[in-house]
Amino acid sequence: MKNWQNPCAMKQATYFDRVYAVARRIPRGRVTTYGAIADFLALGAARMVGWALNHSFSEQGVPAHRVVNRKGELSGRTHFPTPTMMQEMLEAEGVCVEDNRVVDFSKHFWSPEEEQ
DNA sequence: AAGGTGACAGGGT
DNA sequence: TACCCTGCCACCT
C-alpha cells in the first residue's frame, strides 16, 4: 500500500475505496460489523475489511469508529491515535460503550443492505 | 517459496 | 455466555 504509483497498488486502491464507500454510508449513531461489509461487497473475508480500515486514516471522512466486530467490541480501538478515541467518538454520537463493547449493539446495528 | 499474521466470523461444545 | 477450532485472503518476512 505504499507505492501508489504502481498499477498493482491501484488495484488495492479500488479495493479500499469500496470498503470506504460503504463505511461512509454508516449513519451517525449507528454501527456495523466487518462481516456485514464483507458480505455486502462479497469480499469473502471479513479480515480484509479490517485490513482496509487499518489504512483508512490516510483518507478523510471514513468513520472507521462505526465498525466493530460481531460481538460489538471495539476491537479496532488500538489503531486510533489514542486507545480511547474510538469510544469517545461513538459516545459523542449517542452510542454507549461499556467495557469496550457497544451497549445494546443489536439496536444500533446498521446493515449495508438497509436504505439510509 | 513457505509460513506467520491480522481492527473477523461461524459452528461446535 | 464463553472458549476453541477452522476458514478466510492479502501482505510481510
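Everything quoted here is computed from the prediction, not taken from an experiment. Letters go in sequence order (proteins before strands), and every chain restarts at 1.
As rounded to the nearest Å, B/dG6 and C/dG7 have C1' atoms that lie 14 Å from one another. Of the C1' atoms belonging to B/dA1 and C/dC12, the separation is 13 Å, rounded to the nearest Å.
Put simply, the side chain of A/R77 does not reach to within 4.5 Å of the side chain of A/T84, judged on heavy atoms. Counting heavy atoms from C-beta outward, A/E113 and A/D39 have side chains that stay 4.5 Å or more apart.
Distance, A/H55 NE2 to B/dA7 P: 10 Å, rounded to whole Å. Rounding to whole angstrom units, CZ of residue A/F16 and P of C/dA10 are separated by 12 Å. B/dA9 atom P lies 17 Å from atom CZ of A/F40, rounded to whole Å. Taking atom CG of residue A/D99 and atom P of nucleotide C/dT1, one finds them 14 Å apart after rounding to whole Å. Whole-Å rounding puts the A/L53 CG to B/dA9 P distance at 12 Å. Taking atom NZ of residue A/K71 and atom C1' of nucleotide C/dT1, one finds them 10 Å apart after rounding to whole Å. Rounded to an integer number of Å, the gap from CG of A/N100 to C1' of B/dA7 is 13 Å. The CZ-C1' distance, from A/F105 to C/dT1, rounds to 16 Å in whole Å.
Close to B/dC8, at under 4.0 Å from its OP1 or OP2, lies no side-chain N or O of A/T33.
Ion pairing between A/R66 and A/E93 holds under the 4.0 Å rule for side-chain N and carboxylate O.
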Each nucleotide of nucleotides 3-9 of chain C classed B (base within 4.0 Å of a protein heavy atom), S (only sugar-phosphate) or -, in 5' to 3' order, makes ----BBB
- request: Evaluate ring pair (Phe, Tyr, Trp, His ring centres under 6.0 Å) for A/F80 paired with A/H65, printing each intermediate quantity in order.
  value: CA-CA 9 Å; A/F80 283 76; A/H65 61 283; 7.0 Å; no
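Nucleic acid contact for A/T78: none, since no nucleic acid atom lies under 4.0 Å from a heavy atom of the residue. Using a 4.0 Å heavy-atom criterion, one finds that A/N54 contacts the bases of the nucleic acid, with or without backbone contacts as well. At a threshold of 4.0 angstrom between heavy atoms, the contacts of A/A38 with the nucleic acid are absent.
If you run side chain to side chain contact (heavy atoms under 4.5 Å, CB included) between A/R18 and each of A/L43, A/I37, A/V49, only A/L43 comes through.
The aromatic rings of A/Y20 and A/F16 lie tilted to each other, with the angle between the two planes from 30° to 60°.
With A/T33 contributing its side chain and A/R70 its backbone, the two residues share no donor-acceptor pair below 3.5 Å.
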